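What follows is a set of notes on a single structure, which appears directly below.
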Amino acid sequence: MDTSKYRALFVSEAAENLRLFEKDILELERSPTNRDAIDRAFREIHSIKGMSASMGFEPIVDIAHKMEDLMDQFRRAVRFDPGVADLLTNCIDTLGAMIQTIEQGGKIEATAVAHALVDALTQAADLSRVRIAAAAVSASDATTTKEFRAEVPSHKDAVKETSSLGVSESSRQIPAPAPDDDSTTFRVEVRLRSGCAAPAARAFLIQHRLAGLGEITDLSPSLESLRAGQFRGLLTAEISTERTQHEIESAVRGIHDVEIAVVSPAPVPVTAPASATASATATATASAPAAAPVSAPTPALAQTPVSPTPDRSIRVRTEILDRLLDAVGELLIAQGRLRELARRTQSLPFEEAADRLDVVSRDINDQVRALRMVPLSTLFDRLPRVVRDVARRREKQVEIQVAGADIEVDRSIVDAIDSPLLHVVRNAVDHGVEAAPARRAAQKSPEGCLSIDAHRLRDQVLITVSDDGAGIDPNVIRSVARARGIVPDERLEKMDDEEIIYLVCMPGFSTAATVTDTSGRGVGMDIVRASVEAIGGSLEIVSRVGLGTTIRLRLPLTVATIRVLLVRAAGETFAIPLGSVGASLLVPVTEIERNRGNAFVRHGGGLLPVVNLARILGLDVQSAATPETPASTYLLLIERETAPIGVAVDEILRQEEVVVKPLGSLLGRIDGLSGATILGTGRPTFILDVPKLSRYA
């Protein structure tokens, strides 16, 4: 039977179940008595095993079955053993690699690593059974329990020892009583939950599972109907099998989206001689009082009407969404051009049609953007595992706290900050949080704390990564920069501590004494900042020696269309992302003060540095200047890493939502240009990264 068309569905759901299983294992490592997490983890790995068995992926089934067996022991003991967390996370990595191979169209095989994991899981499950039995026998004798535990080898030894214990599967499980005859016919009725993403595909998997348990003698809907996608939520079948009723029910319930599964012996037609039947009927009538006729009992599932549930969701490849987004962008550009032409012609019908097209095109744009939005949990859910692994390698104790994972951003943003965020988190554990002895010496808790938080700020999202570690020492940064010649000595002397901290973002900068698997190569924070700024975001670092470090990533919600402020400088029009503009000010020229060639204006109780946008861009200010010197100038208050700055422009035109077009390979190398757009006039306009440009002021 061909199951290749269900491969994508399997990959998606198996990967999701594996992600949730990993999340629960990390939770159980912190809270071993969390019964809900134990039950969830058991169900998740059970689902993976069931789906894999339906698809015929036996290497995954072998590992998942042993993981399920081990989790079942913890369900019985109502306590998770943190000693097997490393073993289970290794299994998660192996299963994840297998699922990825399946997604890429490859064939998975039972490797030596997979066999070793199966053997280690078998030993761990056997040890857990022994512990449970010993606890039950010696519950009244604490001393005996302690002596027994001292003789039981650790799970780390079980992981290293990969030889089989010689205990077969049949000897570890209590066999169910076999039926009296060689085979029994059961009636199976299954109802899927409402809102199942692909009910026909799920019903096909149920049929495939039943076919592996015995011979299907009756099926409704028919197999042809299931292949054609005709399924309305209820599947009934009769199966002749040597398996027990409990085994059939467990196999069916292991399939994802099954809401109700009822297995009962199928009615067996009985033929008897007419005389015997009449005699039995007469005897029953004579010996029993009159009663209402009794109909044959029907399963509870059959009594529940099942209304058709249409499939209200589909899966769309991201490549199709990307092409759709590009098409919508071109539509918006064309619509802007038509709106400009309507304004010039001053034709009322033309303007009304252009306005209507504007409403429709922007609604389409909003809907396409909504399709591409994904929650930050797709990133954040991976971080606890990263923190755990790095902390263990560095022999540190770190607790992670995550908030704001439900905030949604464009998928392109998630892809762009995946690696940068992982690097920031690894840095926080590797460099920031101290080891337990150093924390005790500093009168801190032995366990460090790392918090990751996300907040929505208008059309931006702010991701904050904070630790309570040693912080960044500006003196160490200054000495390393001087020793490596990264910054001239005269400039170092003029830089304050906040500016010194940002030297960690210089290419090649590193304070690590040795090269490890997470740091020491000098290719860290500079890549983080470059990646964040490439999508129109910004990086902020705040650190205090002995108290910890906070890194803030300001990111746009989407990079497809953004709201910009159109300004004019030296006769040219430029677009500045509205998210980087804190305010706009109209300041009299007489209020601009100058000191040693630097311009300032008093604002907010302090001095605000002022730079001219045209001068930063190297434009000819004199040739574009008006004959009369203006009495006032426009200032844009721009937020920067260190302190805000005022950027002077000749004119503020308007706000507008524009489609961002990427720059070519040549223009893309110019600092301060984050993209381009086409205005309604048809003229290309650069989108400026003003915070980056202000560094050159």
Side-chain angles (χ1 to χ4, degrees), residues 23 26-27 29-31 82 85 376-377 379-405 407 417 420-455 457 461-478 480 496-505 509-513 516-520 524-525 528-529 532 538-555 641-642:
K23 184 177 180 181
L26 297 180
E27 172 63 27
E29 196 174 20
R30 295 188 296 266
S31 178
L376 284 173
S377 58
L379 282 180
F380 287 3
D381 286 352
R382 300 171 50 195
L383 301 180
R385 172 71 184 279
V386 173
V387 171
R388 171 191 179 274
D389 291 346
V390 176
R392 288 210 168 191
R393 288 196 296 268
R394 299 293 174 264
E395 298 182 350
K396 297 180 180 180
Q397 303 174 25
V398 183
E399 177 188 4
I400 181 173
Q401 300 174 354
V402 178
I407 294 178
I417 66 168
L421 184 60
L422 286 177
H423 184 85
V424 170
V425 170
R426 289 192 183 102
N427 258 8
V429 180
D430 192 16
H431 291 298
V433 178
E434 314 96 324
R439 292 182 64 86
R440 291 191 185 95
Q443 297 182 348
K444 295 181 180 181
S445 169
E447 184 179 53
C449 181
L450 177 67
S451 65
I452 302 169
D453 194 6
H455 283 92
L457 301 174
V461 60
L462 175 65
I463 299 179
T464 304
V465 181
S466 300
D467 66 73
D468 63 346
I472 301 175
D473 190 343
N475 295 325
V476 174
I477 303 297
R478 184 179 283 106
V480 172
D496 57 23
D497 288 349
E498 291 185 354
E499 293 175 315
I500 287 292
I501 288 177
Y502 281 95
L503 291 180
V504 300
C505 297
F509 188 92
S510 177
T511 59
T516 68
D517 55 346
T518 58
S519 62
M525 293 303 297
V528 172
R529 185 169 71 174
V532 171
S538 62
L539 173 72
E540 180 183 353
I541 304 176
V542 178
S543 185
R544 297 291 181 270
V545 177
L547 299 179
T549 302
T550 298
I551 295 180
R552 299 187 181 96
L553 307 178
R554 291 181 182 270
L555 308 167
E641 301 163 346
T642 53

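No experiment lies behind these values; they were computed from the predicted model shown.
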Val433, Val402, Val425, Leu26 screened by side-chain contact (heavy atoms from CB on, under 4.5 Å) with Val387, the one that passes =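 With Val387 as partner, side-chain contact (heavy atoms from CB on, under 4.5 Å) holds for just one option, Val425.
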
message = Here's a test for you: under side-chain contact (heavy atoms from CB on, under 4.5 Å), which of Val542, Leu553, Thr550 qualifies with Thr464?
response =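 Filter result, single survivor: Thr550.
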
Shortest non-hydrogen contact from [X] to [Y]?
{"X": "Ala428", "Y": "Asp467", "value": "CB-OD2, 3.9 Å"}
{"X": "Leu539", "Y": "Val532", "value": "N-CG1, 4.4 Å"}
{"X": "Pro474", "Y": "Ile500", "value": "O-CG2, 3.4 Å"}

Distance, nearest 0.5 Å, that separates [atom1] of [X] from [atom2] of [Y]:
{"X": "Arg382", "Y": "Lys23", "atom1": "CZ", "atom2": "NZ", "value": "14.5 Å"}
{"X": "Glu499", "Y": "Arg478", "atom1": "CD", "atom2": "CZ", "value": "10.0 Å"}
{"X": "Ser538", "Y": "Arg554", "atom1": "OG", "atom2": "CZ", "value": "6.0 Å"}
{"X": "Gln397", "Y": "Ser445", "atom1": "CD", "atom2": "OG", "value": "8.0 Å"}
{"X": "Ile551", "Y": "His423", "atom1": "CD1", "atom2": "NE2", "value": "8.5 Å"}

task = Taking salt bridge (Lys or Arg N to Asp or Glu O under 4.0 Å) as the test, write out the residues that go with Arg552, two or more places apart.
result =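 Testing Arg552 for salt bridge (Lys or Arg N to Asp or Glu O under 4.0 Å), a comparison that skips the adjacent residues, returns Glu540.
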
request  = Sequence neighbours left out, what passes salt bridge (Lys or Arg N to Asp or Glu O under 4.0 Å) with Asp389? Give chain and number order.
outcome  =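 Asp389 satisfies salt bridge (Lys or Arg N to Asp or Glu O under 4.0 Å) with Arg385 once adjacent residues are dropped.
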
Can you give each donor-acceptor pair under 3.5 Å made by side-chain atoms of residues 448-455, sequence neighbours left out, with the distance rounded to 0.1 Å?
residue : atom : partner : partner atom : Å
Asp453  : OD2  : His455  : ND1          : 3.4

Between [X] and [Y], does any side-chain N to carboxylate O distance fall below 4.0 Å?
{"X": "Asp468", "Y": "Arg439", "answer": "yes"}
{"X": "Lys396", "Y": "Glu447", "answer": "no"}
{"X": "Arg392", "Y": "Glu29", "answer": "yes"}

inquiry  = side-chain contact (heavy atoms from CB on, under 4.5 Å) for Ile400 and Arg388? Distances and angles first, verdict last.
reply    = CA-CA 9 Å; Ile400 181 173; Arg388 171 191 179 274; over 6 Å; no

Contact check, side chains of [X] and [Y], non-hydrogen atoms, under 4.5 Å:
{"X": "Glu498", "Y": "Ile541", "answer": "no"}
{"X": "Ile472", "Y": "Tyr502", "answer": "no"}
{"X": "Ile477", "Y": "Ile501", "answer": "no"}
{"X": "Leu422", "Y": "Leu383", "answer": "yes"}
{"X": "Asn427", "Y": "Thr549", "answer": "no"}

request  = Would you indicate whether Lys444, at its atom NZ, is surrounded by more than 12 heavy atoms from other residues, nucleotides or ligands within a distance under 6.0 Å?
outcome  =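 Count over threshold, so yes.
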
